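Inspection log for the structure reproduced underneath, given as structure tokens.
The model shown is predicted, which means the values in this text are computed figures rather than measured ones.
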Amino acid sequence: MTAHAAAAEHHHGPPPAHQSSRVDARVLGMFLFIASEIMLFGSFFTALFFVRVVKAPRHWPPVGFHLPILVAGVNTAILVTSSFTIHWALTSIKRGNRNGLKAGLVLTFLMGLTFLVTQGIEYARIGFAPHDNAFTTTFFCLTGLHGAHVFVGLTLLAMATVRAFRGHYSPEHHHGVEIPGIYWHFVDVMWIVVYATVYIL
């Protein structure tokens, strides 16, 4: 009882937070954030399917509007490949391989940047504007929403890369790589859905 009282006397501030032994609180927070983002994308997909089923003409895209399916397909391959490089970066630091970590992060960032620049060029050359009709509005809204998420992911990757080159990560402490990696995987998977529904279907 005396030892407990002495420990309580020396402790300042709130008691330690309860934490699951299976999922780190920071990782869980990212998963909950991604769940909210899935609902955001879901609302945009709902608008897309409503326009296609209820409001759209028989032809989708409308006659005279064409999407660069091949370019977007190559861009998709680039983004999907970046999921493998971010996974390589994480597994490398877990094994104590700092060079693999740095290479994986740099490659992931460069591929993500390539994707975003290519999408910007696509916007500039696509030949229609968001205000033209319902098809163009939903196209720019969905691809633009995803592009914004890619930009956020690139910001996280840039910070993780800078920290990696400064030696901030170790096999025991790598959440600064794991959490951006989880977000990047989400961005990649979401683009596959966007590409399939907007460009293919």
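Under a hydrophobic-cluster definition in which Ile, Leu, Val, Met, Phe, Trp and Tyr are linked whenever side-chain heavy atoms come within less than 4.5 Å, directly or via other members, Leu40 and Phe33 are assigned to the same cluster. Criterion: ILVMFWY side-chain heavy atoms under 4.5 Å apart, direct or through other members. Under it, Leu142 and Val51 are part of a common hydrophobic cluster. Note on Phe45 and Phe186: same hydrophobic cluster, where clusters join Ile, Leu, Val, Met, Phe, Trp and Tyr whose side-chain heavy atoms are under 4.5 Å apart, directly or indirectly. Both Val152 and Leu32 are members of a single hydrophobic cluster when ILVMFWY side chains are connected at heavy-atom separations under 4.5 Å.
Judged by distance alone, the side chain of Thr137 and the main-chain N or O of Pro130 form a donor-acceptor pair under 3.5 Å. A distance-only check finds no donor-acceptor pair linking the side chain of Tyr169 to the backbone of Leu90 [under 3.5 Å]. Thr108 places a side-chain N or O within donor-acceptor distance of the main-chain N or O of Ile86, the cut-off being under 3.5 Å. The main-chain N or O of His185 is never found under 3.5 Å from a side-chain atom of Ser83 such that the two would form a donor-acceptor pair.
Interatomic distance, CE of Met159 versus OG1 of Thr161, reported as 10.0 Å (0.5 Å rounding). Atom CZ of Phe140 sits about 9.0 Å away from atom CZ of Phe135, to the nearest 0.5 Å. Distance check, rounded to the nearest 0.5 Å: CD1 of Ile93 to CG of Asn99 gives 10.0 Å. Interatomic distance, Phe109 CZ to Leu156 CG, rounded to the nearest 0.5 Å: 11.0 Å. Here CZ of Phe115 is found 5.0 Å from CG of Leu79. Values are rounded to the nearest 0.5 Å. For the atom pair CZ of Arg98 and NE2 of His168, the computed distance is 10.0 Å after rounding to the nearest 0.5 Å.
Between Ile126 and Pro68, the closest heavy-atom pair is CD1-CD, 4.1 Å. Here the shortest heavy-atom pairing between Ala160 and Gly176 reads CB-O, 3.6 Å.
In this structure, Met190 and His149 have side chains that are not in contact, with every pair of non-hydrogen atoms separated by 4.5 Å or more. At a threshold of 4.5 Å between non-hydrogen side-chain atoms, the residues Trp191 and Val187 do not count as touching. Under the 4.5 Å side-chain criterion, counting only non-hydrogen atoms from C-beta, Phe49 is in contact with Thr197.
A search for side-chain hydrogen bond (donor to acceptor under 3.5 Å, both in side chains) contacts involving Tyr199 returns Glu122, not counting sequence neighbours. Contacts of Ser82 classified as side-chain hydrogen bond (donor to acceptor under 3.5 Å, both in side chains), with partners at least two apart in sequence or in another chain: Trp184, Asp188.
Taking the six-membered ring for Trp and the full ring otherwise, the centers of Phe128 and Phe139 sit less than 6.0 Å from each other. Here the two rings, on His146 and Tyr195, have centers that are 6.0 Å apart or farther.
Think of Ile78 as one node in a network of Ile, Leu, Val, Met, Phe, Trp and Tyr side chains linked at under 4.5 Å; its network also takes in Val74, Trp88, Leu107, Met111.
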